[in-house]
Amino acid sequence: MTVHPEILWAQRSSESDEKKNILYVTVNLPDIKPETLEYELTASHISFKAKAGDASKGIEEKDYEFSFDLFGDVVPDESSKSLTSRSLKLLIRKKDKKAEYWPRITKEKLRTQFIKTDFSKWVDEDEQEGDAAPVDEDFDGMGGMPGMGGMPGMGGMPGMGGMPGMGGMGGMPGMGGMPGGMDLEAMLKSMGGGAGGPGDEAGPSGLEADDDSDDDGPPPLEDAEPKA
């Protein structure tokens with residue numbers, strides 16, 4: 001039983017540059033047997049026939065085939081093909097240089113499930129101006145969107161190397177080097193701002209504590225009674 005392989009296609013168009021007036025066609029079929037491949041392209045027709053499959057991979061070998069008339073004329077002598085383990089890639093040159101896209105790849109309006117738009121290569125008709133890379137080279141490389149040539153490798157973000165070590169605060173600078181060799185304790189005493197720690201001779205006000213207070217308090221009760 002013959003099976004239709006999946007066909008992916010995209011295109012470019014140009015009124016002046018024939019190298020940009022092309023069709024990208026990919027027969028999306030892995031493990032095509034090269035010795036069975038029968039591919040033919042004429043000015044108005046394309047046909048394909050081959051066996052594909054790999055018993056060692058558990059892929060059944062089958063016969064694949066398609067044939068249809070193209071929407072417009074092409075130039076077979078200026079077209080090319082490339083067979084890989086995944087697919088057959090075709091670069092087909094359109095004959096007429098026109099700015100307008102082909103509305104479809106087939107001459108007749110056919111409702112086919114095996115012909116699909118290749119969105120990985122598609123560029124809208126009005127966005128072709130930015131597609132400046134040589135299409136032949138791009139088709140060979142297939143390294144990204146048409147004209148993009150693949151996104152350049154970023155190579156990774158440069159290493160930050162880590163934040164520089166803070167090395168610790170190192171502590172507050174020592175107070176031991178007061179100008180003139182002043183003694184801190186003596187200075188505090190002279191300022192009267194001691195903390196009133198044990199052994200301090202001055203109170204919070206900085207004045208010496210006076211145990212001989214003039215205020216002896218109220219007289220004894222027996223002294224306060226009136227004399228008879």
Side-chain angles (χ1 to χ4, degrees), residues 2-32 34 37-50 52 62-154:
T2 302
V3 182
H4 286 292
E6 182 181 59
I7 299 173
L8 305 176
W9 81 289
Q11 63 181 315
R12 297 292 185 278
S13 61
S14 175
E15 292 179 308
S16 57
D17 189 351
E18 62 182 12
K19 291 184 178 181
K20 289 188 177 181
N21 209 37
I22 54 93
L23 301 173
Y24 293 108
V25 180
T26 300
V27 181
N28 193 25
L29 181 63
D31 300 315
I32 295 174
L37 176 60
E38 297 179 21
Y39 162 69
E40 184 179 4
L41 178 68
T42 68
S44 60
H45 187 85
I46 182 173
S47 64
F48 167 91
K49 185 177 181 180
K62 296 180 181 180
D63 292 320
Y64 294 85
E65 183 179 357
F66 68 81
S67 178
F68 57 83
D69 290 330
L70 297 166
F71 178 82
D73 288 344
V74 298
V75 184
D77 292 342
E78 296 181 9
S79 302
S80 60
K81 69 179 186 296
S82 176
L83 179 63
T84 71
S85 62
R86 295 183 178 182
S87 61
L88 174 66
K89 304 174 185 178
L90 309 173
L91 183 65
I92 303 175
R93 189 84 64 194
K94 297 178 186 177
K95 181 178 180 180
D96 298 326
K97 290 183 287 186
K98 295 181 179 180
E100 295 81 15
Y101 271 1
W102 286 7
R104 57 188 178 275
I105 193 173
T106 60
K107 185 175 183 178
E108 304 295 334
K109 284 187 177 181
L110 304 175
R111 295 181 64 86
T112 58
Q113 297 180 351
F114 65 92
I115 299 178
K116 302 177 181 179
T117 300
D118 189 344
F119 290 105
S120 69
K121 300 180 187 64
W122 190 270
V123 173
D124 289 340
E125 186 176 319
D126 57 356
E127 296 179 353
Q128 295 185 88
E129 294 302 321
D131 187 32
V135 291
D136 291 278
E137 294 180 10
D138 178 71
F139 186 80
D140 291 339
M142 295 295 289
M145 292 291 289
M148 296 296 290
M151 292 297 289
M154 294 299 290

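Minimum interatomic distance between Ser87 and Ile32 (heavy atoms only, all atoms of both residues): C-CD1, 4.5 Å. The nearest pair of heavy atoms linking Ser44 to Asp73 is CB-OD1, 3.8 Å. When all heavy atoms are compared, the tightest approach of Tyr101 to Glu125 is N-OE1, 3.1 Å. Closest approach of Asp118 and Ser120 over heavy atoms only: OD1-OG, 2.6 Å. Closest heavy-atom contact between Arg93 and Ser79: N-OG, 3.0 Å. Closest heavy-atom contact between Pro5 and Glu65: CD-O, 3.7 Å.
Relative ring orientation between Trp122 and Trp9 is described as perpendicular, the plane-to-plane angle rising above 60° on a 0-90° scale split at 30° and 60°. Ring geometry for Phe71 versus Trp102: interplanar angle of 30 to 60°, hence tilted.
Look at Lys116 and Glu6 and you find a salt bridge, because one of the NZ, NE, NH1 or NH2 atoms lies within 4.0 Å of a carboxylate O, short of that distance.
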*Would you check, one step at a time, whether the test side-chain contact (heavy atoms from CB on, under 4.5 Å) holds for Tyr39 with Leu90?*
CA-CA 10 Å; Tyr39 162 69; Leu90 309 173; 3.6 Å; yes

*Given side-chain contact (heavy atoms from CB on, under 4.5 Å), test Phe66 with Val27 step by step and report yes or no.*
CA-CA 10 Å; Phe66 68 81; Val27 181; 3.9 Å; yes

*Show your reasoning for whether side-chain contact (heavy atoms from CB on, under 4.5 Å) applies to Tyr64 and Thr2.*
CA-CA 5 Å; Tyr64 294 85; Thr2 302; 5.9 Å; no

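Between Phe68 and Ile7, some side-chain heavy-atom pair lies under the 4.5 Å cut-off. Residues Leu88 and Leu29 have side chains not in contact (no heavy-atom distance under 4.5 Å, counting atoms from C-beta outward). A 4.5 Å side-chain heavy-atom check between Arg12 and Val123 finds at least one atom pair inside the cut-off. Put simply, the side chain of Ile115 does not reach to within 4.5 Å of the side chain of Leu110, judged on heavy atoms.
Note that CZ of Phe48 is 9.5 Å distant from CD of Glu38, once rounded to the nearest 0.5 Å. Of the inter-residue distances, the one linking Leu23 atom CG with Ile105 atom CD1 reads 5.5 Å to the nearest 0.5 angstrom. The CD atom of Glu18 lies 5.5 Å from the CD atom of Glu78; values are rounded to the nearest 0.5 Å. Interatomic distance, NZ of Lys81 versus CG of Leu41, reported as 10.0 Å (0.5 Å rounding). In this structure, NZ on Lys49 lies 11.0 Å from OG on Ser67, to the nearest 0.5 angstrom. Between the CD atom in Glu15 and the CD atom in Glu100 there is a gap of 6.5 Å [rounded to 0.5 Å].
Distance alone, capped at 3.5 Å, is enough to place a donor-acceptor pair between the Asn21 side chain and the Asp96 backbone. Using a distance-only test at 3.5 Å, with no hydrogens or angles considered, a donor-acceptor pair links the side chain of Thr84 to the main chain of Arg86. Between the side chain of His45 and the main chain of Leu70, no donor-acceptor pair closer than 3.5 Å is present. Under a 3.5 Å cut-off, the side chain of Thr117 and the backbone N or O of Phe119 do not form any donor-acceptor pair.
Side-chain contact check for Gln128 and Ser13: at least one donor-acceptor pair (N or O, by modelled atom type) lies under 3.5 Å.
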